[in-house]
Amino acid sequence: MYVVKRFEDNPVLTPNKNHYWEEFAAFNMCAIKKGKNIYGFYRAISAVDKIITQKQTSIIGFGKSKDGIHFTDRAPFLEPEEPFDIHGCENPRATFFEGKYYVFYTALSGFPFSSDNIKVAVAVSKDLKKVDERHLVTPFNAKAMTLFPERINGKITVIFSAYTDQPPAKVSIAQFDKIEQLWDESFWEEWKNNINQHTVDFRRNEYDHLEIGCPPVKTKYGWLLIYSHIQNYFPSPEGLDRIFGIEAILLDINDPKKIVGRTKGPILAPEESYELSGYISNVVFPTGALVTKDTLSIYYGAADTTTCLAYVNLTDLISSMYFKTAVDYSFKRGLSNPIIIPKKENLWEATATFNPAAIYLKGKFHILYRTLSDDNTSFIGYASSLDGISITERLPDPIYVPREDFEIKKIPNGNSGCEDPRITQIGQTLYMCYTAYDSIGPPRVAVSTIAVKDFLAHDWNWSKPILITPPGLDDKDTCILPGKFEDGYFVIHRIGNEICGDYLESLDFGKEIINKCIRIMGPRMNAWDSLKVGIASPPIKTKYGWILLYHGVSKSHNTYRVGVVLLDLKDPAIVIARSSDAIFEPVEEYERIGIVNNVVFPCGIAVKGKLVYIYYGGADKVVGVATMKLNILLDSLVRGSKFNKK
């Protein structure tokens with residue numbers, strides 16, 4: 001898992017209304033270090049010329065910075081002057097290689113623009129003060145070329161997108177013995193005759209479109225490549241949204257055509273206002289990456305208008321991708337999963353057993369799982385485990401049954417009962433929050449308590465349940481945090497598609513119930529959790545904050561995945577850090593196929609030693625368990641929370 005965080009003062013570069021050549025846009029920056037300075041090359045679009053046919057022109061601008069954030073001395077670096085770029089210079093990518101700086105760019109030789117006049121060119125500079133030479137590189141349609149910063153097995157190596165305007169584009173690699181071969185037309189004529197031998201296809205399906213983003217970053221695990229992955233660029237049968245995302249891939253250090261790791265989806269997608277609105281709305285496009293200690297800074301264009309900056313911890317990102325380490329950076333399933341399945345002989349749990357609460361007490365993992373009877377009534381059953389993975393005890397009868405009118409079935413065979421329990425210990429009392437549903441009205445949350453000593457003795461002396469959420473609202477996914485805060489006891493719940501909370505003076509629910517929705521977090525546009533979010537299990541308290549797992553549902557495929565946030569220790573309504581990737585998702589058949597397909601839904605969590613155990617429903621049918629090291633979960637969140645703190 002990893003946390004990608006935008007720079008809090010984005011954008012870092014905006015159009016300058018006083019410079020005609022960058023009056024309209026200043027975006028897609030590639031930054032490069034030289035001594036104590038950072039130099040940024042970026043695409044600049046001019047003000048509108050009301051006389052000429054081509055109303056605006058792109059050139060390559062240039063700025064200098066001490067901190068990689070504030071760029072001064074902005075001036076043109078490359079302007080159209082050669083026949084191959086006379087109509088524009090776009091989207092630079094700069095690499096220092098064997099004593100010189102090579103700035104690759106998209107060269108436009110004609111207008112209107114078409115595949116015949118969009119190619120790759122390169123400018124060469126010894127000192128970044130002037131351009132010593134420039135050359136047309138590809139004699140065919142291509143974009144987004146970048147140079148590896150050192151030879152690979154003695155070969156000069158570039159990676160780029162070939163035939164971007166004659167789809168499908170091909171991500172391609174070319175290697176040379178001498179730098180002059182880069183602009184040797186005869187080399188490229190021979191190369192393109194065997195183009196399929198030089199391609200690396202990391203599309204997920206035929207509807208996606210790729211463009212190379214930043215120059216490759218060398219790591220001990222391989223070459224890290226940040227690139228543009230456009231989902232559903234070509235219309236799909238499902239009519240899914242087109243999403244311009246930034247992704248990462250890891251290429252073998254000696255064979256860059258071999259993939260050794262990749263992200264599962266976008267590490268960044270359009271979400272902020274400056275990404276959603278602009279010259280080309282709803283676009284993020286990476287063109288530069290710098291490493292400082294263990295922080296990767298990603299420069300990207302936002303809505304083809306401004307340049308923005310985002311940060312991610314390099315170790316977390318690569319460890320989540322690399323095939324040898326990725327298993328530790330997400331939850332790992334128990335080998336005996338599913339650990340609880342329906343029992344046909346018990347009518348109360350004949351249809352499904354899923355979405356369990358869990359708590360670790362007196363050397364034992366206690367699992368309170370939701371069941372579905374043959375007439376679709378939800379009960380709560382009990383099982384326990386000594387090792388957290390295999391079930392050692394399972395009771396034949398439910399430990400909690402619908403008792404009150406608000407959870408008694410009103411429609412024959414309709415869903416009703418006590419759903420999705422979550423349990424919290426406060427003192428010597430266990431508080432169980434669950435969704436109460438009568439098959440008619442909007443579901444509400446009820447709370448029932450039991451003494452710890454009774455619970456351990458299997459004396460199921462549950463208190464009379466009390467509804468704690470307002471009437472008339474679909475309110476679910478609730479837990480009480482242990483301990484009292486300055487403003488009272490904090491209760492997390494979900495209304496609609498957002499997670500919210502409320503402070504209560506006491507836990508006497510006969511006198512006070514939830515009456516506020518203090519927004520904590522909501523869905524993220526264009527991400528894996530774009531449709532709705534809700535808590536998974538009660539949070540874990542640490543000295544750095546509360547670790548809260550949550551479920552997120554994607555707009556595209558209605559898949560339930562799990563993410564994690566770090567909440568402020570003293571005010572858990574404040575989010576300090578949020579994982580960019582899902583740390584658990586449906587993979588196994590029992591998670592993909594069931595009553596509701598493609599669901600992992602944890603309601604239970606327990607910590608023992610160095611491991612976090614989550615207990616989850618798979619496809620609303622069975623119970624599974626998965627584990628992850630607590631330090632990886634916490635450290636990634638803490639590192640992500642420190643970005644922007646100068």
Side-chain angles (χ1 to χ4, degrees), residues 337-344 346-359 365-385 391 393-404 406-409 413-424 430-439 443-448 450 455 460 462 465 469 474-479 493-494 534-538 549 551 560 562 586 590-591 594-597 599-606 613-626:
N337 273 359
I339 58 173
I340 301 175
I341 61 175
K343 284 187 174 182
K344 296 296 183 183
N346 295 338
L347 296 182
W348 63 277
E349 57 177 349
T351 300
T353 52
F354 60 117
N355 297 5
I359 191 168
F365 296 85
H366 304 268
I367 304 165
L368 287 69
Y369 60 95
R370 174 185 171 186
T371 77
L372 207 58
S373 69
D374 58 343
D375 74 340
N376 297 317
T377 301
S378 288
F379 299 84
I380 296 175
Y382 174 89
S384 64
S385 171
I391 298 300
E393 178 187 24
R394 181 174 175 182
L395 299 185
D397 298 309
I399 66 166
Y400 197 91
V401 301
R403 294 176 284 166
E404 300 298 318
F406 54 72
E407 57 199 16
I408 299 298
K409 192 183 303 293
N413 293 315
N415 286 340
S416 67
C418 311
E419 305 175 353
D420 305 345
R422 293 170 176 89
I423 198 161
T424 302
L430 299 179
Y431 291 78
M432 183 176 69
C433 299
Y434 65 91
T435 300
Y437 188 49
D438 64 0
S439 69
R444 297 175 67 186
V445 174
V447 172
S448 182
I450 188 171
F455 181 85
W460 308 116
W462 294 96
T469 54
D474 185 336
D475 204 336
K476 293 183 175 183
D477 300 337
T478 297
C479 75
H493 58 118
R494 173 175 70 82
I535 72 163
S537 49
L549 300 185
H551 65 263
Y560 279 72
V562 179
Y590 58 84
E591 299 160 347
I595 294 176
V596 180
N597 295 338
V599 173
V600 289
F601 197 93
C603 292
I605 195 167
Y613 297 74
I614 59 169
Y615 297 88
Y616 67 95
D620 278 16
K621 183 73 174 180
V622 299
V623 171
V625 61

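These figures come from a predicted structure and were not determined experimentally.
- Among all heavy-atom pairs drawn from Cys433 and Thr478, the shortest one is CB-O, 3.3 Å.
- With a 4.5 Å cut-off on side-chain heavy atoms, Ile450 and Met432 do not count as touching.
- The closest side-chain heavy-atom distance from Pro602 to Val562 is below 4.5 Å.
- Separating the CZ atom in Phe379 from the OG1 atom in Thr353 is a distance of 14.0 Å, to the nearest 0.5 Å.
- Of all non-hydrogen atoms in Glu404 and Pro465, the two that sit nearest each other are CG-CG, 3.5 Å.
- Residues Asp477 and Phe601 are in side-chain contact: their nearest non-hydrogen atoms beyond the backbone lie under 4.5 Å apart.
- To the nearest 0.5 angstrom, Thr371 atom OG1 is 10.5 Å from Glu419 atom CD.
- Listed for the Ser385 side chain is no donor-acceptor partner under 3.5 Å among the backbone atoms of Phe365.
- Smallest separation of non-hydrogen atoms from Pro402 and Gly417: CG-CA, 3.8 Å.
- To the nearest 0.5 Å, the span separating CD1 on Ile399 from CD1 on Ile380 amounts to 6.5 Å.
- Side-chain contact check for Arg394 versus Tyr369: some heavy-atom pair is nearer than 4.5 Å.
- Under the 3.5 Å distance criterion, the side-chain polar atoms of Arg444 are matched with a main-chain donor or acceptor of Thr469.
- You'll find the side chain of Tyr616 stays beyond 4.5 Å of the side chain of Phe354, heavy atoms only.
- With a 4.5 Å cut-off on side-chain heavy atoms, His366 and Ile423 do not count as touching.
- Across Glu393 and Leu395, no two heavy atoms sit closer than the pair OE2-CD2, 3.7 Å.
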**Prompt:** Where do Phe455 and Trp460 land on the side-chain contact (heavy atoms from CB on, under 4.5 Å) test, with the steps shown first?
**Reply:** CA-CA 6 Å; Phe455 181 85; Trp460 308 116; 3.6 Å; yes
**Prompt:** Stepwise, does the side-chain contact (heavy atoms from CB on, under 4.5 Å) test hold for Val625 with Ile367?
**Reply:** CA-CA 11 Å; Val625 61; Ile367 304 165; over 6 Å; no
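- Within the model, atoms CG of Asp375 and OG of Ser416 stand 7.0 Å from one another, a figure rounded to the nearest 0.5 Å.
- Across every non-hydrogen atom of Pro396 and Asn346, the tightest pair is O-ND2, 3.8 Å.
- Taking CG from Asp620 and OG1 from Thr351, the interatomic distance works out to 12.0 Å, rounded to the nearest 0.5 Å.
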**Asked** Step by step, would you call Cys603 with Arg370 a side-chain contact (heavy atoms from CB on, under 4.5 Å)?
**Response** CA-CA 10 Å; Cys603 292; Arg370 174 185 171 186; over 6 Å; no
**Asked** Should Asp438 and Ile408 be marked as a side-chain contact (heavy atoms from CB on, under 4.5 Å) after you check the CA-CA gap, both sets of side-chain angles, and the distance that decides it?
**Response** CA-CA 5 Å; Asp438 64 0; Ile408 299 298; 5.9 Å; no
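- Lys409 places no side-chain N or O within 3.5 Å of a backbone atom of Ser439 that could act as its donor or acceptor partner.
- Between Val622 and Pro342 the shortest side-chain heavy-atom distance falls below 4.5 Å.
- Here the rule is ring pair (Phe, Tyr, Trp, His ring centres under 6.0 Å) with Trp462, and of Tyr434, Tyr400, Tyr431 only Tyr400 fits it.
- For the pair Phe406 and Ala446, the tightest heavy-atom approach, listed with the atom from each and the gap, is CE1-CB, 4.1 Å.
- A salt bridge between Lys343 and Glu349 is absent, with no side-chain N of the basic residue lying under 4.0 Å from a carboxylate O of the acidic one.
- Separating the CZ atom in Arg422 from the NE2 atom in His493 is a distance of 13.0 Å, to the nearest 0.5 Å.
- You'll find the side chain of Leu372 reaches within 4.5 Å of the side chain of Ile595, heavy atoms only.
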